[in-house]
Amino acid sequence: MALRDPVAPAHAPGPTNDAERILFRQLYETLVRVDCVGVIRPGLATRWQSDGGGTRWTFALRPGARFWDGTPVDAAALLASWRDDTTLPLHDVRATGSGTVVVTLPAPRTIESFGDAAWGVVKRIPESAWPVGTGTVWLREWTRSGADSVLRAQPVPAAPAGTPVLEFRAALGADPRDLLDGDADVLVARDPAVQRYAAGRGDWRVVPLPWDRVAVLLSPARMAPGIATQLERQDRLALARDAVRAEARAPEEPDWWSAGSCGGPPAAAPPSGPFAPRVVFPRDDAVARDLADRLVARADVELAALVGATTPLAPRTAGVDSAAFAAALAAGRDLAFVVALPSAPPDPCRAAAALRLRAPWLAGPDGTLPPNALVPLVETRSSLLLRGPVFIQTDRDGGVRLTPQPDGTAR
Amino acid sequence: MTFRTRLLLAFAATAAIPLVILAVGIRREVGARLTAQYQRRVTTLAEIIAGDLQHQSDAVAARLAALRETMPDDNRFRLGAAQGIAAERGYVLDYAGTAMRLAGLALLQIQDSAGRIVSSGHFRNEFDRLDPAVSHGLATTGSRAALARGRTPEGTFLALAREDSVAIGARRFMLVGGVRVDSLFLASLARDPAVGVTLELPDTALTGSARAAGPALLDTLLVPFVDSEDGVLAARLVVAYPLAPLAALRASVDRWFLTALGVTAAAVLALAAWLAARISRPLKDLAGAAEVMDLERGDTEFASERRDEVGTLARLLDRMVDRLRSDAARLRDVERRATLGELARQVNHDIRNGLAPIRNVFRHLSQVAEQEPGALPTVFAERRATVESGIAYLEGLAGNYARLHPQLDIRRCDVGAIVREVAASVPAGPADVTLATPAAPLLLRVDPLVLRRVLENLTRNAVESLGSTRGQVTLGLEAMAGGVRLRVADTGPGMTREQLDRAFEAFYTTKPVGTGLGLAIVRRLVADLGGALKVETAPGHGTTFVIELPEAPAEGVKP
């Protein structure tokens, strides 16, 4: 499996990019999963029920569920896995019987929320940078050479027969076409040119994944009262069709961040201008770059209306690395940011909390994001490029899990 | 300042002034020629840069021409841009970027005939923006090199741009292409790192290689600058060549000139010193001869064999010396005669002074003998001392003259007694003689004969100054530190300034019968005694002579 983004064990189990998503999905499990059509499927839990209006959930854990080191998965393990993540509001996790745990939440959650990768169950041990998971493959080797790295995972003893041995190769600067020409079997690609190249080779299958990412415009200037301008649908369509060199479409409505209260703490006060005339985006996000370019090209028409500018704008784009982008987004001193968010997160409250951690100035009541704070621009998806007999399960959030063929061979 | 120094300075100035004028003139000429040469260099460089700009501009035009030939053959572009097929829209949007990179351009924009951007290579997502000003402005500049401002998401940049157009089907598309003009581009134009090339736009300036601070020679090129808002403007391409190397060269030339000037000046000074010494040596020899010249000796002379002016001067001086020697001999003879005459007068004068009291006593005695014979012994007894004193005076005088060189006879005596004797010797007449002496004896080591001669001379002068007018003659004496102070004052007519100035000259007198020797003798005698003589007088206010005599040393005073 070829990876084209950096992977960091500190992010586990919640992925921050495509590479971590495909890697973590093989190593770690959630209580339930939401498949590509939105059906709730068993994960670590085989049965579940809510008896508190969404604030109290009872799960029956899979019999024999254990971490790679043989430790059984129980209520204490679940509590230890989740309690350090501030984006996961949690009151308590208790065992109510053999293999049954009760999860108590401060605010209601749907069952889909527990399919969010952030609710993955892990066990952190001091001997390893990588948390111990419950997946069917066991991470046994991690070698790094500069920015590139190789990870090898082999089936745990209790894995179903036919569970494949996996090798993940992270090659950050490589041309994806070189990977297709090499010995990779699985690759996630968002670039249509790469997808066309893979299709043209004949030995690769191109499997479109669910629409998983929405690019939004965040602007501290929009925190001022009365600025509620959104892009018209035809403008979103034009953006997706012409400006973005990726598989894109106009974002579907309603937006997940328009959901109700999540019971979070009040946010910090929004920053006040003047703002640096920059449209900032992560340097390695090609879609964000195209959108920022287009916003600057049409600053006098679209961007001015979106940020409520009353004087002529002369902005410029600023592509920065991930650390600089995180710092700029937290400070909120720039005119606008182009940010990629999950298109349909299983746990919108958790996604909102995570975004508010990144941009504290997004001040909304009750843990929600403020109305109209986000301007959806385009929605994109990636494609999974497969070579040979590989069988997969896809989730609604774009996650992909390789599964053994029923006859015991990995296909 | 000596004659030799003046000669030295004159020679030095004569040589140095033309030298300095020559040096300044050469320096100015060299500086002007160097500056002109540098200016020609800058001008030439500016012309080369202008040629390079035009060459680069023509290269851009050639690339646009190639693109113009290729575009109609691209079916996908034709479908997307000319026919509006939506499926090829992405291809059209990316077309300019691909073409721009293949053509090696930094700016490429494809516009429709209305100026709407169809595809932009340097700013892919600025499609559909209406920006006709640049293409139209470039069209007006024709084939000349022109500048335009390109727009990117990150900002703007400057480009050396050209314009072309292509017809595809029924539609015409404008092509705007260019190469980036940045500091590296300007530095490449300069070629020489020392040369600064700066592009001055109406609102900003772009500099090539870091130009050294300080003055520089400048040349300016005007390049059309097409602005999307203000139309065609003029940008100034300033070529600057720093003057620092020129200044260093001029400083080096100055140093060499100064060195040459210094060496030449030293040589000139040495030559001038030699010449001054050579010229002044005969004069110095004359001065040396003059220094040892003695009119009494006949063996010294300004003998010179030179035939120049100095030789003539030496011979003239010799003749002058001969005349002086002759005149000196005559003068000595006159002086000898005058001295004998003066001595005779002085003897006459002194004898008359010594005989005067004797004659007075004798007349008195004769008068008594005639009128009161019985009182003669008494009167004789009274005046005998005067006669004896006069005789002693004459004897002393004779002794002095016998020696022809008076020898002071210093001994302790009562100065008051001498004053009183002199006062007593004054014959009765219009003068009322008053004594102002202390009652007690005032002893002083002095030659009494000389002191008496002094007082008698002064007293006689005082009495005679009164003429027939009644007046007062006062002889005063007082002690002072280390000696005595004597005064002989009269109430006569006093002296004018002119009379006073000549009073002590020998043979000068204002009296019809005087010898004119009295005061001259007084001055010499006072000087022999080591004293000082002062005169206080004014016309109409009488005359006072003040004599200050010190105590003579025990060994006596040398004459």
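Within every chain, numbering begins at 1; the chains are lettered A, B, ... in the order of the sequence lines, protein sequences first and strands thereafter.
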field: side-chain contact (heavy atoms from CB on, under 4.5 Å) assessment of D242(A) paired with R89(B)
entry: CA-CA 7 Å; D242(A) 297 332; R89(B) 182 165 172 80; 2.5 Å; yes
- prompt: Considering residues, nucleotides and ligands other than R144(B), do more than 12 of their heavy atoms fall under 6.0 Å from its CZ?
  reply: no
F127(B) six-ring centre to R298(A) NZ/CZ under 6.0 Å and within 45° of normal: no
field: Residue A243(A) versus chain B: region with a heavy atom under 4.5 Å
entry: both
query: Does the pair R245(A)/D94(B) count as a salt bridge with the N-to-O cut at 4.0 Å?
result: yes
- prompt: Can you name the closest pair of heavy atoms from R124(B) and V244(A) and give their distance?
  reply: NH1-N, 4.4 Å
Heavy-atom pair with the smallest gap, counting every atom of E126(B) and A297(A): CA-CB, 3.5 Å
- line: Taken to the nearest 0.5 Å, the spacing of L295(A) CG from N125(B) CG works out to 9.0 Å
- prompt: Between R289(A), R278(A), R241(A), which has the largest tally of heavy atom pairs under 4.5 Å with chain B?
  reply: R241(A)
